[in-house]
Each structure stands twice: as C-alpha cells, then as structure tokens.
Asker: 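Here you go, one structure.
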Amino acid sequence: MGRPLADRLRPESLEDVIGQDHLLGDDAPIGRMVAERRLVSMVLWGPPGCGKTTIARLLAERTNLVFESVSATFSGVAELRKVFQAAAKRREVGQSTMLFVDEIHRFNRAQQDSFLPYVEDGTVVLVGATTENPSFELNSALLSRCQVFVLKRLDEEALTTLIARAEETTARELPLDVQARHALVAMADGDGRYLLNLIEQLQSVSGRLDTSGLVELVQQRAPIYDKAQEGHYNLISALHKSMRGSDPDASLYWLARMLEGGEDPLYIARRLVRFANEDIAIADPQAVHQAVAAWDVYERLGSPEGELAIAQAVVYLATAPKSVAVYSAFNAATRLAKKTGSLMPPANILNAPTKLMKNLGYGEGYEYDPHTQGGFSGANYFPEDMEPERLYRPTGNGYERVIGEKLSEWHRLRTQKRAQEEADDASET
C-alpha cells in the first residue's frame with residue numbers, strides 16, 4: 001500500500017507551509033529566529049491539522065538540530081530521561097537537540113517539571129505542540145521558559161491551495177463540481193490533514209459529484225468543541241456578551257454552537273439566570289422569571305424539546321418575549337452552526353483571565369454596552385470570517401411590534417457604525 005496522501009504532501013521546506021505566514025514569514029517571529037539560526041524553546045498552540053508537527057521538524061532541519069520526537073499520550077518520564085541523556089551526550093560534542101513533544105498538555109504537572117532543568121541549561125530546545133490553551137494546561141514555570149506561538153486554522157485560501165497541490169501530486173482533478181469543491185473545504189473545518197484524508201476518499205470515485213453526492217460519500221466532522229477546555233469558556237463568553245449587546249441573532253448562533261458541541265443545556269440555563277440578575281435586573285423584572293421558567297421546562301421535558309425553551313429565554317434576555325419566530329430562528333441558528341463549523345468568536349469579546357490571553361489581544365477593544373450612549377455599542381458579535389445573518393425576525397403581533405422597532409433601529413446603528421469604520425480605514429490608507 002502506498003504512502004497516505006497527507007504524508008506525501010507534507011511540506012519539505014518552511015516556505016511550503018501554508019496558512020502560517022504570521023509566524024514563518026521573513027519579518028515574523030519564528031522566521032527571524034530561523035534567519036539568525038537561533039531557536040528558543042517554544043509552544044505551538046493551534047487546532048488540529050494546521051502544521052504544528054511539520055513546522056517543528058522543518059525548524060530542526062533548517063537550524064541543524066537533531067530532531068527527537070515524543071508523544072505525551074504514549075511517553076512517560078522514563079522515555080524522557082533517555083532523550084535527555086542522549087541530548088546531553090550530543091551536547092558534549094557540540095551537537096544540539098530539539099525535543100518535540102506532541103500533545104504536551106497531556107503531561108501532568110510533575111512530568112512538565114522534569115523538562116525544566118534541561119530547558120534551562122540548553123540541553124534541549126523544547127518545542128511543544130498543543131491544541132489546548134497553554135495558560136490552563138501548562139505550569140507557569142515551563143511557560144516562563146518558552147515562547148507561545150499561536151497557529152491559525154487553515155482558511156479557505158490555504159485549503160484551496162492544498163487541494164491544488166493534491167491534484168498536482170495525484171495527477172487527477174477532484175471529481176467535484178464547483179459547489180461541491182466549496183462544500184469540501186467547509187467540511188475540512190480548517191484542518192489540512194482532514195481535508196487530505198477526504199480527498200483520498202474521492203480517489204476511487206468515477207463520474208462527477210455534486211454537493212449532495214459528496215455528503216453521501218464522506219462524513220462531515222463535528223465542530224471542534226471541548227466542554228472542559230477553552231472552547232467552553234470562549235463560547236459562553238460569546239453568548240453572554242452577545243446577549244448583553246442586544247444581538248439575538250449572534251446570541252442564538254453561539255447557543256446553537258454550544259449545543260451542537262455537546263454542552264450541558266442545564267449549564268446554559270444556569271448562566272441565563274445569572275445573566276438575568278446581573279445584566280438586566282429590574283430594568284425588566286420578568287427577565288429572571290423567563291430564565292427560571294426555561295430551566296424548569298428543560299428539566300421537565302429534556303432534549304430536544306427543552307432546548308427551545310432555553311432559546312426562548314436567550315431571545316427574551318437579549319430583546320423580548322417568546323414567539324413562533326424563536327422556533328424558526330433557533331432552527332436557522334442550528335443549521336448555520338453546522339454549516340460554519342468552528343469559527344472563533346472575535347477576540348474582543350473573549351475574556352482574558354491570564355496575562356498570555358491579554359497579550360494575544362483577548363478582550364482588546366471590547367465596548368461595554370451599558371456604558372455606551374443609549375446602552376448599545378453596535379459591535380459585531382459574529383465570527384470575523386462570516387457575514388452576520390438575520391435569524392430572529394419578530395412578527396407584528398403584541399410586544400413583538402416593539403421588538404421589531406428596536407431591531408430596526410439597532411440594525412440602522414450597526415450599519416452606520418460599519419460604514420464609519422470602513423470610511424476610517426480608507427482614510428488611514
């Protein structure tokens with residue numbers, strides 16, 4: 001059996017790596033280190049399939065370091081001790097070693113401590129790879145000795161480039177029409193390795209597939225979401241701030257993302273009660289009753305029917321009371337969440353409990369709506385890589401008429417703010 005396509009297309013030089021120019025370019029942090037042939041210990045933090053392992057291997061080749069690789073899933077202190085002993089012997093004859101640790105976040109605190117003396121004295125240049133937030137998963141002593149570099153999920157342009165390389169390598173055009181090619185990129189959800197695995201599944205197909213034919217052939221991956229890790233905190237922050245910013249569309253989108261990722265609906269219900277007390281209070285005394293009622297309904301009915309009660313409370317807290325439009329909007333939000341996958345919330349609406357997260361721009365430029373004129377900032381709460389969509393469309397019945405007027409005014413203000421920002425950007429250039 002031949003080598004897998006993902007292995008055959010593994011970049012042979014740093015210049016071939018796609019999607020990470022912000023780190024590897026000539027004027028970028030790692031690019032400058034390579035030019036100076038001087039690497040420091042580092043942690044590469046990014047989603048699956050963005051090139052962490054490949055970058056580490058190529059960095060070792062470019063700087064003439066012996067490449068040692070271990071996986072935190074299968075290795076322990078005994079294996080690490082052997083690597084450190086071999087690295088120490090090489091050092092005696094003037095040869096330096098790079099130790100690449102895949103999934104470094106899986107090592108416990110004591111195991112992480114075992115790296116410290118060897119990183120400190122230069123026995124190894126440590127390069128750790130992780131999909132989890134280093135602030136939460138790595139101890140402070142190790143973090144203080146490493147630079148953290150954030151790798152991006154591969155965007156549409158990078159994935160399209162990867163498809164072109166695959167077609168060139170296999171000497172065969174993908175058996176997909178134009179729409180199906182776009183669907184294939186969406187299915188990959190920013191993961192280059194997963195995309196190449198999908199392409200390999202298409203190698204034996206005869207004829208041409210449309211989008212429905214492609215979906216029947218390959219299975220779409222679930223959006224990346226870990227209920228116990230950073231994704232959990234990012235998405236609840238996005239939901240909370242979207243409700244605070246009076247945006248029911250974005251609020252429903254993040255609710256759907258959490259539910260699609262397997263979040264406990266009762267956790268969301270508890271957060272809605274907290275939100276009603278903290279962010280609305282007696283400005284609308286019914287808000288907390290709506291939140292508590294949603295909690296109660298979910299406990300009585302369970303999933304999936306109870307999730308609609310939670311969606312109703314989200315819309316009420318962001319704008320107004322229950323309506324048939326909520327059902328339609330929540331279904332639309334769920335379809336949108338499945339379609340768009342794991343797009344990150346804008347950095348400005350993420351909480352920044354650690355210094356690292358603040359340095360990465362989390363929370364930077366966030367406008368606290370209650371402190372703005374009229375209590376409305378007009379900020380965008382959808383991911384930066386997608387256009388906001390109108391999901392909740394109130395009817396003219398009862399109090400929804402008032403909600404409709406509110407949304408129309410907020411839409412006008414958002415449009416006005418976006419136009420002003422575009423004008424300001426144009427004047428600066």
Side-chain angles (χ1 to χ4, degrees), residues 153 155-157 179 182-183 185-190 211 215 220 222-225 231 234-261 263 268 304 307-308 310-350 366-367 369 376-396 400 403-422:
R153 66 193 299 275
D155 59 18
E156 182 176 355
E157 180 181 356
Q179 289 75 23
H182 288 300
V185 170
M187 286 179 176
D189 195 15
T211 301
V215 172
Q220 185 171 356
I224 299 171
Y225 181 79
N234 285 347
L235 268 62
I236 193 61
S237 172
L239 172 62
H240 194 107
K241 290 185 173 67
S242 297
M243 290 190 297
R244 178 186 289 160
S246 304
D247 193 329
D249 299 332
S251 299
L252 283 169
Y253 172 77
W254 296 120
L255 171 64
R257 280 280 298 275
M258 295 183 80
L259 293 174
E260 285 297 305
E263 183 60 78
I268 300 173
E307 292 171 359
L308 185 58
I310 294 177
Q312 173 189 327
V314 165
V315 173
Y316 188 96
L317 298 181
T319 57
K322 180 184 182 292
S323 75
V324 177
V326 175
Y327 184 86
S328 300
F330 185 50
N331 285 342
T334 302
R335 291 193 296 270
L336 187 59
K338 289 179 179 178
K339 174 183 175 183
T340 56
S342 307
L343 295 175
M344 281 286 292
N348 66 301
I349 67 170
L350 301 182
Y366 171 62
E367 297 179 81
D369 287 79
F376 179 79
S377 68
N380 172 50
Y381 298 93
F382 276 93
E384 295 176 356
D385 294 333
M386 66 177 285
E387 283 294 316
E389 293 196 23
R390 294 289 298 275
L391 302 178
Y392 175 58
R393 298 180 181 274
T395 68
E400 279 206 324
I403 297 175
E405 293 172 356
K406 288 182 184 178
L407 293 181
S408 295
E409 175 62 11
W410 291 337
H411 178 69
R412 183 187 69 80
L413 292 174
R414 282 195 177 95
T415 302
Q416 185 180 71
K417 179 172 183 175
R418 177 178 292 189
Q420 183 61 52
E421 289 174 346
E422 291 175 352

Asker: Could you tell me if the side chain of P394 sits less than 4.5 Å from the side chain of L407, heavy atoms only?
Answerer: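 Sidechains of P394 and L407: in contact.
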Asker: Identify the heavy atoms of K406 and T319 that sit nearest to each other, and give their distance.
Answerer: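 Here K406 and T319 meet closest at NZ-O, 3.7 Å.
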Asker: Measure across G245 and Y381 and return the closest heavy-atom pair with its distance rounded to 0.1 Å.
Answerer: CA-OH, 3.5 Å
Asker: The criterion is side-chain hydrogen bond (donor to acceptor under 3.5 Å, both in side chains); which residues satisfy it with E367, sequence neighbours excluded?
Answerer: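 By the side-chain hydrogen bond (donor to acceptor under 3.5 Å, both in side chains) rule, E367 matches K417.
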Asker: Report yes if some heavy atom in the side chain of D249 is under 4.5 Å from a heavy atom in the side chain of E389; otherwise report no.
Answerer: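 No - every pair of side-chain heavy atoms lies 4.5 Å or more apart.
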Asker: With sequence neighbours excluded, what pairs up with E156 under the side chain to side chain contact (heavy atoms under 4.5 Å, CB included) test?
Answerer: T160, H182, V185
Asker: To the nearest 0.5 Å, what is the distance between CE on M258 and CG on L239?
Answerer: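 One finds 6.5 Å between CE of M258 and CG of L239.
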Asker: I'd like to check the side-chain hydrogen bond (donor to acceptor under 3.5 Å, both in side chains) partners of R335; sequence neighbours left out, ordered by chain and number.
Answerer: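 By the side-chain hydrogen bond (donor to acceptor under 3.5 Å, both in side chains) rule, R335 matches no residue at all.
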Asker: Think K241 forms a cation-pi with Y366, using NZ or CZ under 6.0 Å from the six-ring centre and within 45 degrees of its axis?
Answerer: yes
Asker: Testing the basics here: between F330 and L255, what is the closest heavy-atom pair and its distance to 0.1 Å?
Answerer: CE1-CD2, 3.8 Å
Asker: Output all residues satisfying side chain to side chain contact (heavy atoms under 4.5 Å, CB included) with A347, sequence neighbours left out; order by chain, then residue number.
Answerer: none
Asker: For D247, which residues count as a side-chain hydrogen bond (donor to acceptor under 3.5 Å, both in side chains) partner, sequence neighbours excluded?
Answerer: R414
Asker: With the threshold set at 4.0 Å, does a side-chain nitrogen-carboxylate oxygen contact exist between K339 and E260?
Answerer: no
Asker: Do E409 and R412 meet the salt-bridge criterion of a basic N to acidic O distance under 4.0 Å?
Answerer: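 The answer is yes: the pair qualifies as a salt bridge.
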Asker: Quick one: salt bridge (charged side-chain N to carboxylate O under 4.0 Å, His left out) partners of E157, sequence neighbours excluded?
Answerer: none
Asker: Atom OG in S242, atom CG in L235: separation rounded to 0.5 Å?
Answerer: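 Rounded to the nearest 0.5 Å, the OG-CG separation comes out at 9.5 Å.
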Asker: Sequence neighbours excluded, which residues qualify as side chain to side chain contact (heavy atoms under 4.5 Å, CB included) partners of T211?
Answerer: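 For T211 the side chain to side chain contact (heavy atoms under 4.5 Å, CB included) partners, ignoring immediate neighbours, are Q179, A180, A183, V215.
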Asker: Do the side chains of D385 and D155 get nearer than 4.5 Å, heavy atoms only?
Answerer: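 SC-SC contact between D155 and D385 ruled out.
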Asker: Check ring pair (Phe, Tyr, Trp, His ring centres under 6.0 Å) between F376 and all other residues, then give those that pass, not counting sequence neighbours.
Answerer: W410
Asker: E384: what forms a side-chain hydrogen bond (donor to acceptor under 3.5 Å, both in side chains) with it, not counting sequence neighbours?
Answerer: none
Asker: Can you tell me how far apart CG (N380) and CZ (R418) are? Round to the nearest 0.5 Å.
Answerer: 6.0 Å
Asker: If only atom types and distance count, is the side chain of R153 paired as donor or acceptor with the main-chain N or O of D189 below 3.5 Å?
Answerer: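 Yes, R153 side chain to D189 backbone: donor-acceptor pair under 3.5 Å.
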Asker: Do side-chain atoms of S251 reach the backbone of M243 as a donor and acceptor pair under 3.5 angstrom?
Answerer: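 At least one qualifying donor-acceptor pair exists.
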Asker: For residues M386 and Y253, determine if any side-chain heavy atom of one lies less than 4.5 Å from a side-chain heavy atom of the other.
Answerer: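 Yes; the side chains approach each other to less than 4.5 Å.
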Asker: Who are the side chain to side chain contact (heavy atoms under 4.5 Å, CB included) partners of A333, not counting sequence neighbours?
Answerer: L252, A256, L391
Asker: How close do G378 and D369 get, heavy atom to heavy atom, and via which atoms?
Answerer: N-OD2, 4.3 Å
Asker: How long is the straight-line distance from CG of L317 back to OG of S246, given to the nearest 0.5 Å?
Answerer: 11.0 Å
Asker: Scan side-chain atoms only and decide if K338 and T334 contain a donor-acceptor pair under the 3.5 Å cut-off.
Answerer: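 There is no such pair (donor and acceptor under 3.5 Å, judged by atom type) between the side chains of K338 and T334.
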Asker: Does the side chain of H411 come within less than 4.5 Å of R390's, by heavy atoms?
Answerer: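 R390 reaches H411 side chain to side chain.
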